[in-house]
Protein chains: 4
Amino acid sequence: MINRVVLVGRLTKDPELKYTPTGVAVANFTLAVNRPFSSQDGNREADFINCVIWRKPAENVANFLRKGSLAGVEGRINTRNYENQEGRRVYVTEVVADSVQFLEPRNSGGQQSGGSSYGEENNYNQNRKPNNNQNNNRQDDDPFAGGSQPIDISDDDLPF
Amino acid sequence: MINRVVLVGRLTKDPELKYTPTGVAVANFTLAVNRPFSSQDGNREADFINCVIWRKPAENVANFLRKGSLAGVEGRINTRNYENQEGRRVYVTEVVADSVQFLEPRNSGGQQSGGSSYGEENNYNQNRKPNNNQNNNRQDDDPFAGGSQPIDISDDDLPF
Amino acid sequence: MINRVVLVGRLTKDPELKYTPTGVAVANFTLAVNRPFSSQDGNREADFINCVIWRKPAENVANFLRKGSLAGVEGRINTRNYENQEGRRVYVTEVVADSVQFLEPRNSGGQQSGGSSYGEENNYNQNRKPNNNQNNNRQDDDPFAGGSQPIDISDDDLPF
Amino acid sequence: MINRVVLVGRLTKDPELKYTPTGVAVANFTLAVNRPFSSQDGNREADFINCVIWRKPAENVANFLRKGSLAGVEGRINTRNYENQEGRRVYVTEVVADSVQFLEPRNSGGQQSGGSSYGEENNYNQNRKPNNNQNNNRQDDDPFAGGSQPIDISDDDLPF
DNA sequence: TTTT
DNA sequence: TTTT
């Protein structure tokens with residue numbers, strides 16, 4: 001039983017960070033991955049793949065990725081289903097990421113034109129927990145501090 | 001832009017083989033991939049991943065895999081959407097396989113109890129094209145002929 | 001920075017289990033992965049890929065895999081180099097496995113004809129530590145106990 | 001039998017492009033992939049993974065990648081061996097790429113300081129064939145023409 | 001023989 | 001130094 005996914009693509013929107021009632025961080029984002037071939041009508045298309053990441057790396061994703069950011073994802077395909085408000089069963093297929101790689105140099109990536117993506121009217125970190133982590137894990141507070149290489153925001157620590 | 005998936009799991013049902021109006025074979029099947037961890041209520045769960053494969057390998061899948069067969073899949077995640085009969089947009093995420101590996105020795109795999117899966121009342125190959133292929137491609141007519149190793153039913157030939 | 005490998009193949013020999021001076025288990029094995037195409041002289045060939053796995057899963061590999069066993073590996077490519085006895089630098093490329101999947105039903109896999117592979121004259125577990133694990137990890141003592149599905153012998157616990 | 005590799009890293013040197021006696025292009029390059037963890041002595045290390053790519057994409061690699069370029073690779077692990085001049089058998093493990101992704105915006109990637117990497121005194125394309133391709137394949141002559149997304153320089157065409 |  |  002093997003279930004392994006590797007993706008490189010761009011975020012279609014700023015990631016959404018939430019916390020479970022017990023305080024576990026979870027971030028959702030969608031990766032647009034351009035197809036390497038054209039459709040019969042001749043234009044290039046993309047797959048839009050929903051991704052989820054938990055715990056500390058979720059906070060890193062929310063802090064360092066924006067709409068348009070180029071990112072790499074390693075994870076597995078997760079399927080689940082639930083009953084919606086009309087009593088209909090909805091089937092969901094998404095990628096649960098183990099780690100996310102930020103593949104752009106700082107101040108370079110994505111659509112941040114006008115800087116609006118970083119504006120305080122932004123809602124991507126609405127219910128953010130105060131960032132009082134003592135940082136004894138693999139990630140730096142500022143993953144850009146260490147040089148100009150892409151950043152590994154993976155994290156296997158259990159912060160809760 | 002990278003989009004790569006590798007799965008090993010078991011078919012939840014016999015594969016479904018169809019042909020497009022222009023005669024292109026396409027097979028659909030769902031792979032159950034057991035998760036390597038248990039849910040909070042303590043039982044092992046699985047992901048049920050819809051897969052599609054086209055052309056000659058689709059016919060091989062229909063011929064050599066059954067409900068319960070252990071199979072390996074290499075492919076990419078494909079997303080698409082369509083409007084259903086109620087006018088609602090339905091979003092689909094599935095794996096488009098480049099190749100499928102049959103990971104069981106002949107006469108060993110899956111649920112073939114009573115042999116019913118191979119019975120002629122079976123509908124898995126209902127609208128089969130006559131198998132008049134001259135077979136100058138990488139797959140043997142009988143992939144089991146060559147020994148007892150797992151069978152590669154991948155195919156990059158363009159039969160149409 | 002992404003480095004991900006997925007392999008399914010057969011062990012060319014019984015795995016070799018060793019322990020570091022500090023008592024950490026490490027198993028080495030080679031996976032023969034048949035190529036999906038033939039060479040110009042018409043015969044099928046294989047890649048022989050050296051794999052390493054650490055800690056508890058190393059012991060599981062030594063216990064449950066044999067020459068000829070069909071196994072799945074997830075891991076990363078590791079490169080290292082050392083100076084050999086003639087003072088020459090030797091470059092090594094191998095796969096460090098995060099997890100290994102046993103893809104054969106019990107009593108079915110590999111070449112165990114004559115049962116010799118399990119005999120006490122075997123040397124695959126020569127310097128085995130006594131198996132006094134209290135087993136509070138994800139793997140059962142008997143991974144076959146749970147049914148007939150392939151076994152996940154991955155392990156993220158830190159046993160030391 | 002599955003053998004799948006996905007890498008994202010930086011070229012340690014300009015790629016080397018050669019042609020076989022029958023005129024088939026082949027490029028070699030090494031990818032440095034930084035490890036997501038530190039060694040016991042506290043510094044970050046990398047794996048240096050030798051890669052090979054054939055035919056048209058080999059020419060694209062030679063044209064668009066340089067020392068320091070960030071690239072994604074999909075492929076398989078290949079093992080081979082040969083006898084060296086001292087009559088000793090040498091074992092080689094490398095990645096044969098199906099496709100390579102250029103992950104940097106134009107005029108941004110790698111070490112091209114002084115533009116010297118593109119200078120005509122460069123030797124990375126010494127025995128280049130004249131680039132008289134009629135280009136009816138998936139790649140544009142100028143992969144940068146189509147916008148600012150990463151470039152897929154994969155190619156399954158058989159140019160010979 | 002290594003990249004940022 | 002290779003598996004089925």
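Chain A is the first sequence line, chain B the second, and so forth, proteins listed ahead of strands; every chain is numbered from 1.
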Quick check: closest heavy atoms across C:Asp47 and D:Thr79, and the distance to 0.1 Å?
OD1-N, 2.8 Å
Taking atom P of E:dT2 as reference, at what distance in whole Å does atom CD1 of C:Ile77 sit?
19 Å
From the list F:dT2, F:dT3, E:dT3, which nucleotide is the closest neighbour of the side chain of C:Asn50?
F:dT2
Expressed in angstrom and rounded to an integer, what is the separation of C:Arg44 atom CZ from F:dT2 atom P?
19 Å
Here the distance between atom P of F:dT2 and atom NZ of C:Lys13, to the nearest Å, is 10 Å
Could you work out which one of E:dT4, E:dT2, F:dT3 sits closest to the side chain of C:Phe48?
F:dT3
Got a salt bridge between A:Arg10 and A:Glu104, using NZ or NE/NH1/NH2 to carboxylate O under 4.0 Å?
yes
Nearest-Å distance, CZ (D:Arg35) to P (E:dT3)?
15 Å
Nucleotide F:dT3, atom P - distance to CG of C:Asn43 in whole Å
15 Å
Might you work through the side-chain contact (heavy atoms from CB on, under 4.5 Å) test for C:Cys51 and C:Val61, ending with a clear yes or no?
CA-CA 11 Å; C:Cys51 298; C:Val61 159; over 6 Å; no
Heavy atoms from C-beta onward define the side chain here; which of F:dT3, E:dT3, F:dT2 lies closest to that of D:Lys67?
E:dT3
Would you mind reading off the distance between C:Leu7 atom CG and F:dT4 atom P, rounded to a whole angstrom?
18 Å
If every non-hydrogen atom of C:Phe102 is compared with every non-hydrogen atom of C:Phe64, which pair is closest and at what distance?
CE2-O, 3.0 Å
Any N or O donor-acceptor pair under 3.5 Å from the base of F:dT1 to the side chain of D:Asn81?
no
Electrostatic pair D:Arg76-B:Glu74, nearest N-O below 4.0 angstrom:
no
Of the listed E:dT1, E:dT3, F:dT3, the closest approach to the C:Tyr91 side chain comes from E:dT1
D:Met1 side chain, from C-beta outward: closest of E:dT1, E:dT3, F:dT3:
F:dT3
Which nucleotide in the list F:dT2, E:dT2, F:dT3 gets nearest to the side chain of D:Thr12?
E:dT2
How many whole angstroms separate atom CD1 of C:Ile2 from atom P of E:dT3?
21 Å
Between atom CG in D:Leu70 and atom P in E:dT2, what is the gap in whole Å?
20 Å
